[in-house]
Amino acid sequence: MKANALPSGGAPPPPRVRLCVGVTGHRDDNPAFAAHRAQIEAALAQILTVVAAAVADEPPSPGAGPIAPTRLHCLLADGTDQLAAVSALARGWELVAPLPFGLALNAAINAHATTAADARALLSRQGNRLDDCSVEVRERALRIGTLAAQARVFELADCDESITELFLAKLESPNDARKAATFAAESSLRVALAGRVMIEQSDFLIAIWDGATRALVGGTGHTIQVALETGAPVVWIDANAPERWRILFGPEALAGAHQEFAVAHDRSAELQALVRRALRPAAARNTRRKHGPSAGPDTLECETLPTRSNPAWHWYRRVEALFGADSFRARFRNLRQTYEAPDAIASGSAAGLLGHARALPGQEASYVANVETSIVRRFAWADSVSAHLSDTYRGGMIANFLLAPLAIIGGIAYLPFASSNEKWLFALFELAVLAAILAITLTGQKRRWHGRWFETRRVAEYLRHAPILLLLGVARAPGRWPLGTETSWPEWYGRHALRDVGLPRLTVTHAYLRTAVDTLLHDHVMRQRDYHVVKARRLAAAHHNLDRLSAIMFVLAVVSVAGYLILKGGAVLHLWPKPVAEGLSYLFTFLGVLLPTFGGAFASIRYFGDFERFSAISRVTAEKLDAIHTRIAQLLDAPHNALDYGRVADLVHATDDVVVSEIESWQAVFGGKHVTVPV
C-alpha cells in the first residue's frame, strides 16, 4: 500500500447478492383455495423449484459479493403464507415475517379466535392458558408460533392497544355489525401496511388469488394491485386453475386477468429471467468504451484513494469559493479535504447516528452493527472516492477552460512584449499549454473520470439515507429505483447493500417510532435541508459573479478595441505621433484578444458548472425537505398514540423520494458533460 493511501485496507467488500421473494394469497377458508389445494401446492412447488434452480445457476458477477440464501417474506397467515413458509424453510431459505400486529395479537387474530376467552388466552402468551382454547384455535396459534420462532419477525405493534380493544369488543358483541365492521376496517389497514413492507423488500411477488376482487384493503387482490403499481412483477397462481400460472407486469395486466389465455411454453424461462434481473447488474449501455476502468460494481473495489485531496485538482471548488463565498476569508480558505476511511467513520462523522440507533427502544445491537458494516462503511468509501473523482474530473475540466485562453494569449503575447524574432518562444509556450490540455482530456477519457465520479456519487447518496430507511423497516420498491443514463450498477449496488441488511428483528412501538423520528429522521432532514439552502445561495452567487465578470471583460474588450481605433485614427489625423500610436496599438491589440478570450473562458466555466441550474435544484430540494420537516414537527407535537407506523413510513418515503429526485435532476444536468477539449 502506498504511503499516502487510505489505511485499513481500502474498499469494503461488495454486498452479498440475494433474491428476495414475497408471498401473498388466500387462507384455508377460501372456497377456491380449499377446492384446489393439492394443485395449488404443486404449482407453488414448481415455481419455487424454478426460482431455486435459477439462483443456484447464477454465476458470480465481477465486483459482486457471494450469493446469499434466498429470503422469503410473508405474513404467516394460514393457507398460502404457511405453505410457502414451510417450503422455504425446507429449502434452506431465510424466512422474514413483517406482521401487521405484535406477535401475540397477530396469533390471536390469525388463529381465528371466535370467543373473547380464546382471544385473551392467546393474548396472555402463557402456555398453560392455551389449553383453555378450542383445539382448532390452539393448533392454528401453535403453527403460527412455530413458524415465527424460525423467522425474523418485524412486528408492527404500535397500534396493538387500540386494535386489541376493537378485537375483543367484536368478540364480546358477536351480533354488533358496527363493531365487527370497525375492527375489520382498522385491522385491514394494518394488514395492508405489512403487505407494503413485504412488497418493498421483495424483488417479485408470488400470489395465489381467485381473481374475484381487489377492493378489500389488505386482501390478496389489493396486495397484487399495490405490487404492480410499485413496479414489482407478480407470479399469479389462479386459485381456480393453479396449473395455468403466469407472470403479470404493471397494473394494466389486471384489466385482462379474467380473459382466456394460452399458457406460455416459456413461463419457466420468463421466471428465470426475473431472477437473473434481480441478481445481476444491468450491463453498461455505453459499449463504445473498449479500455479503461470498469463500468460495473467492481468500480468501487478497484479504486485507490489518497488520504487527502490534491490542491492541483481544486480548480472547480476554488472557482465556486472565489465567486460564491460571502466573505473574503471564505473565498481564499483552505480547500484541502481529508478523506474519511471506512474503519474510522463509526467513531467519526457517523458516531452520532450510530449512537442514536443503538439507543432506540428494543433495537438489537447486532442489527446496528450490521448497518454500520454494510451501509455506513460502504458510504464512507463511496463518498470519499466520489469526492476525489469530483475534484479530478471537474478540476481537470476547469483547468482546461483556463488553459485554452492561456494558450491563445501566450501565442500572441510577443506583440507588446517582444519582437518577431522571439516569437518562437511564445509559440513553444502555446504548444506546451495545448499539449497539457490534450493530456488532461485524453487521460480523463481513458480513466473515465466523469463516469466513475457519476456512478460513485450515486452510490454514496443512496447509502447516505439508507440507515434511516433500514432502522424504520422502509425500502424503495424494486420498480421505483431510477435508471442511470449509461450504467445502472450504482442502483443495483445500493439495493443489494440494503437487502443484505434487510428488516430488523423488532417490535415497533410508539416509543420506538417517536425516538427514531426525533433523533434520526428529524435531524437527517434538517441537516440536508440546511445544506441545500446554503448550497443554493452559494451557487446562485457563483453564477451571478461569473456572469458579471464575463460581461465586464467583454465591455473592457470593446473599450480596448475602441482605444486601438482611436489611436490609429488620431495618428492619421496627426493628433499625436505615429510611433506612439504604433507602440501602444500592440498593447491594445493584445488586450482586445485577452479580455474577450478570458471572458469567454469564464462564461464557459459558468456554462460547464451550471451553477444556476444546480442552485435551482438545491433550492427546490430544500423547499421539499422543509415541507417534510414541518410535517415531522407536527407529528412530534401530536399526542403520543397518534404517531403510528404508517405516518412515519410515509415521511421516510417522502424523504427518500426527495433524495432520488435530486439525484435524477443532478444526473440530467451533468450526464452529458464528458471530458472534452474546450473548444
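These numbers come from the heavy atoms of this one structure, side chains and all, not from hydrogens, waters or symmetry mates.
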Quiz item: Is a side-chain donor-acceptor pair under 3.5 Å present for Thr655 with His524?
Solution: no
Quiz item: Without hydrogens or angle criteria, can the side chains of Arg394 and Ser390 be said to hold a donor-acceptor pair below 3.5 Å?
Solution: yes
Quiz item: Ring centres of Tyr316 and Phe611 under 6.0 Å apart?
Solution: yes
Quiz item: Does Ser309 offer a backbone N or O that forms a donor-acceptor pair with the side chain of Arg336 under 3.5 Å?
Solution: yes
Self-check item: Gly600 backbone acceptor or donor facing Ser604 side chain under 3.5 Å
Solution: yes
Quiz item: Going through the checks in order, is the side chain to side chain contact (heavy atoms under 4.5 Å, CB included) test met by Leu322 and Phe332?
Solution: CA-CA 7 Å; Leu322 279 172; Phe332 295 96; 3.6 Å; yes
Quiz prompt | Main-chain N/O of Glu340 paired to Ser384 side chain as donor or acceptor, under 3.5 Å | solution = yes
Quiz item: Do Val319 and Leu546 come close enough that some side-chain heavy atom pair is under 4.5 Å?
Solution: yes
Quiz item: Stepwise, does the salt bridge (charged side-chain N to carboxylate O under 4.0 Å, His left out) test hold for Arg529 with Glu623?
Solution: CA-CA 8 Å; Arg529 179 202 62 187; Glu623 290 171 356; over 6 Å; no
Practice problem: First locate atom CZ of Arg476, then atom CG of Leu469, and finally report the distance between them rounded to the nearest 0.5 Å. | Solution: 8.5 Å
Quiz item: Under a 4.5 Å cut-off applied to non-hydrogen side-chain atoms, are His532 and Glu662 in contact?
Solution: yes
Self-check item: OH-CG distance between Tyr607 and Asp547, expressed to the nearest 0.5 angstrom
Solution: 15.0 Å
Quiz item: Which atoms form the tightest heavy-atom contact between Gly411 and Glu430, and what is the distance?
Solution: CA-OE1, 3.4 Å
Exercise. Would you indicate whether the side-chain heavy atoms of Glu372 and Arg377 approach each other to under 4.5 Å?
Key: yes
Quiz item: Do Ser374 and Asn370 get their side chains close enough for a donor-acceptor pair, meaning under 3.5 Å?
Solution: yes
Quiz prompt | Check: Leu72 and Val96 side chains under 4.5 Å, non-hydrogen atoms | solution = no
Practice problem: Spell out, as yes or no, whether a donor-acceptor pair under 3.5 Å connects the side chain of Ser327 to the backbone of Ala330. | Solution: yes
Quiz item: Distance-only, no hydrogens or angles: does the Ser615 side chain make a donor-acceptor pair with backbone N or O of Ala536 under 3.5 Å?
Solution: yes
Quiz item: Is there a side-chain contact between Arg71 and Val21, using heavy atoms and a 4.5 Å cut-off?
Solution: no
Quiz item: Is atom CZ of Arg329 surrounded by more than 12 heavy atoms (other residues, nucleotides or ligands) closer than 6.0 Å?
Solution: no
Exercise. Side-chain contact test, heavy atoms from C-beta onward, threshold under 4.5 Å: evaluate it for Leu549 versus Phe323 and give yes or no.
Key: yes
Practice problem: Flag the pair Arg317 / Gln337 as yes when at least one side-chain heavy-atom distance between them is below 4.5 Å, and no otherwise. | Solution: yes
Practice problem: Identify whether the distance between the nearest side-chain nitrogen and carboxylate oxygen of Arg495 and Glu491 falls below 4.0 Å. | Solution: no
Exercise. Let me see the working for Arg457 and Asp383 under salt bridge (charged side-chain N to carboxylate O under 4.0 Å, His left out), right down to the final yes or no.
Key: CA-CA 7 Å; Arg457 177 46 53 195; Asp383 188 55; 2.9 Å; yes
Quiz item: Quick check, are the ring centers of Trp666 and Phe454 under 6.0 angstrom apart?
Solution: yes
Exercise. Before accepting this row, confirm whether a basic side-chain N of the pair Asp203/Arg277 lies closer than 4.0 Å to the acidic partner's carboxylate O.
Key: no
Practice problem: Apply side chain to side chain contact (heavy atoms under 4.5 Å, CB included) to the pair Phe249 and Val234, showing each step before the final yes or no. | Solution: CA-CA 7 Å; Phe249 297 93; Val234 174; over 6 Å; no
Quiz item: For Glu200 and His653, does a side-chain donor sit closer than 3.5 Å to a side-chain acceptor?
Solution: yes
Quiz item: With distance as the sole criterion, is a donor-acceptor pair present between the side chains of Glu455 and Thr487 under 3.5 Å?
Solution: yes
Quiz item: Counting distance only, does the side-chain N/O of Ser550 pair as donor-acceptor with the main-chain N or O of Gly599 below 3.5 Å?
Solution: yes
Quiz item: Can you list the steps and then say if Arg276 with Asp57 is a salt bridge (charged side-chain N to carboxylate O under 4.0 Å, His left out)?
Solution: CA-CA 10 Å; Arg276 287 194 298 270; Asp57 292 341; over 6 Å; no
Quiz item: Would you call Asp650 and Arg196 a salt bridge, using N to O less than 4.0 angstrom?
Solution: yes
Exercise. Have a look at Tyr462 and tell me which of Trp489, Trp481, Tyr493 forms a ring-ring contact (aromatic ring centres under 6.0 Å, His included) with it.
Key: Trp481
Practice problem: Taking the side chain as every heavy atom from C-beta outward, state whether His388 and Tyr339 have any pair of such atoms under 4.5 Å apart. | Solution: yes
Self-check item: Cationic N near anionic O, under 4.0 Å, Arg538 to Glu320
Solution: yes
Self-check item: Derivation of the side chain to side chain contact (heavy atoms under 4.5 Å, CB included) call for Leu353 and Ile468
Solution: CA-CA 9 Å; Leu353 167 73; Ile468 311 295; 4.2 Å; yes
Quiz item: Which pair of non-hydrogen atoms, one from Gly609 and one from Phe614, has the smallest distance, and what is that distance?
Solution: O-CD1, 3.2 Å
Practice problem: Return the orientation label for the Trp492 and His496 ring planes: parallel under 30°, perpendicular over 60°, tilted otherwise. | Solution: tilted
Practice problem: Examine distances only and state if a side-chain atom of Arg18 and a backbone atom of Pro69 form a donor-acceptor pair shorter than 3.5 Å. | Solution: yes
Self-check item: Whether Phe401 and Phe608 hold their rings parallel, tilted or perpendicular, with breakpoints at 30° and 60°
Solution: tilted
Quiz item: Considering residues, nucleotides and ligands other than Trp315, do more than 12 of their heavy atoms fall under 6.0 Å from its CH2?
Solution: no
Quiz item: Does the pair Glu612/Arg606 count as a salt bridge with the N-to-O cut at 4.0 Å?
Solution: no
Exercise. Would you sort out whether Leu595 and Phe554 count as a side chain to side chain contact (heavy atoms under 4.5 Å, CB included), showing the intermediate values?
Key: CA-CA 6 Å; Leu595 290 167; Phe554 275 99; over 6 Å; no
Quiz item: Does a donor on one side chain sit under 3.5 Å from an acceptor on the other, for Thr70 and Glu94?
Solution: no
